[in-house]
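Below, all heavy atoms of this structure are taken into account, side chains as well, without hydrogens, waters or symmetry copies.
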Amino acid sequence: MTSLLDSPAAVRRAAMDLLAHREHGRVELARKLGRRGAPAELIEAALDRLADEGLLSEARYLEAFVASRARAGYGPLRIREELAQRGLPRQAIEQALRESGLDWAELLSETWRRKFAGCLPGDARERARQGRFLGYRGFPPELVGRLLRGGLSDDC
């Protein structure tokens with residue numbers, strides 16, 4: 001069986017279709033095109049051309065991803081890990097997180113208020129439960145600890 005993505009034009013069209021839905025990182029886009037049966041040499045050529053034309057931008061992808069995940073209530077540790085799993089370079093990830101302009105303490109407070117109605121834990125068990133949730137969401141333990149001791153927000 002021959003692949004439908006056996007020409008440069010077909011690979012480019014498939015890449016453009018994927019980019020039309022949302023930004024992609026180079027590694028992620030290459031992986032998706034490979035799963036659709038495109039040969040590696042056609043993928044690389046198409047991605048090089050798209051990057052030269054400004055249609056594929058790792059910086060734009062990082063910015064959009066960080067903003068999207070932060071809006072969903074995720075912290076910098078979780079976002080950093082998700083981006084690393086997508087094959088993005090650590091240095092670019094760190095730069096995107098620094099340049100995001102996000103106030104992680106404020107985002108932590110908002111996420112906590114949404115989930116726990118802004119009520120500080122009354123006992124160690126509840127403190128552990130809230131801490132686990134916020135840690136899973138990717139907020140740094142020192143920020144979570146300060147919040148749960150009442151250092152970042154109003155009491156319930």
(request) Decide yes or no on side-chain contact (heavy atoms from CB on, under 4.5 Å) for V66 and E82, but give the supporting numbers first. (result) CA-CA 10 Å; V66 169; E82 289 178 1; over 6 Å; no

Identify the two heavy atoms, one from [X] and one from [Y], that lie closest to each other, and give their separation to 0.1 Å.
| X | Y | result |
| --- | --- | --- |
| L50 | A15 | CD1-CB, 3.6 Å |
| A96 | L62 | CB-CB, 3.7 Å |
| A46 | V11 | CB-CG1, 3.7 Å |
| R90 | A84 | NH2-CB, 3.8 Å |
| A70 | L102 | CB-CD1, 3.5 Å |
| L42 | P8 | CD2-CG, 3.8 Å |

Going from [atom1] on [X] to [atom2] on [Y], what distance comes out if it is rounded to the nearest 0.5 angstrom?
| X | Y | atom1 | atom2 | answer |
| --- | --- | --- | --- | --- |
| Y61 | L29 | OH | CG | 10.0 Å |
| F139 | L107 | CZ | CG | 4.0 Å |
| R127 | L147 | CZ | CG | 11.0 Å |
| Y136 | L77 | OH | CG | 13.5 Å |
| E110 | D103 | CD | CG | 8.5 Å |
| L88 | E58 | CG | CD | 4.5 Å |

Any side-chain heavy-atom pair of [X] and [Y] under 4.5 Å:
| X | Y | answer |
| --- | --- | --- |
| R86 | V27 | no |
| R78 | E81 | no |
| L33 | L18 | yes |
| R12 | L55 | yes |
| L120 | W112 | yes |
| Q95 | Q91 | no |

(message) Regarding E126 and Q130, do their side chains bring together a donor and an acceptor under 3.5 Å, going by distance alone?
(response) yes

(message) Atom CZ of residue position R22 - does it have more than 12 heavy atoms of other residues, nucleotides or ligands inside 6.0 Å?
(response) yes

(request) Without swapping roles, check the side chain of R60 against the backbone of G54 for a donor-acceptor pair under 3.5 Å. (result) yes

(request) Determine, step by step, whether R69 and R137 satisfy the side-chain contact (heavy atoms from CB on, under 4.5 Å) criterion, reporting the C-alpha distance in whole Å, the side-chain angles of both residues, the deciding distance to 0.1 Å, and the verdict. (result) CA-CA 10 Å; R69 297 305 279 162; R137 282 299 186 103; over 6 Å; no

(message) Could you walk me through whether W104 and L97 satisfy the side-chain contact (heavy atoms from CB on, under 4.5 Å) test, starting with their C-alpha distance in whole Å, then the side-chain angles of each, then the deciding distance to 0.1 Å, before giving a yes or no?
(response) CA-CA 10 Å; W104 296 110; L97 288 169; 3.9 Å; yes

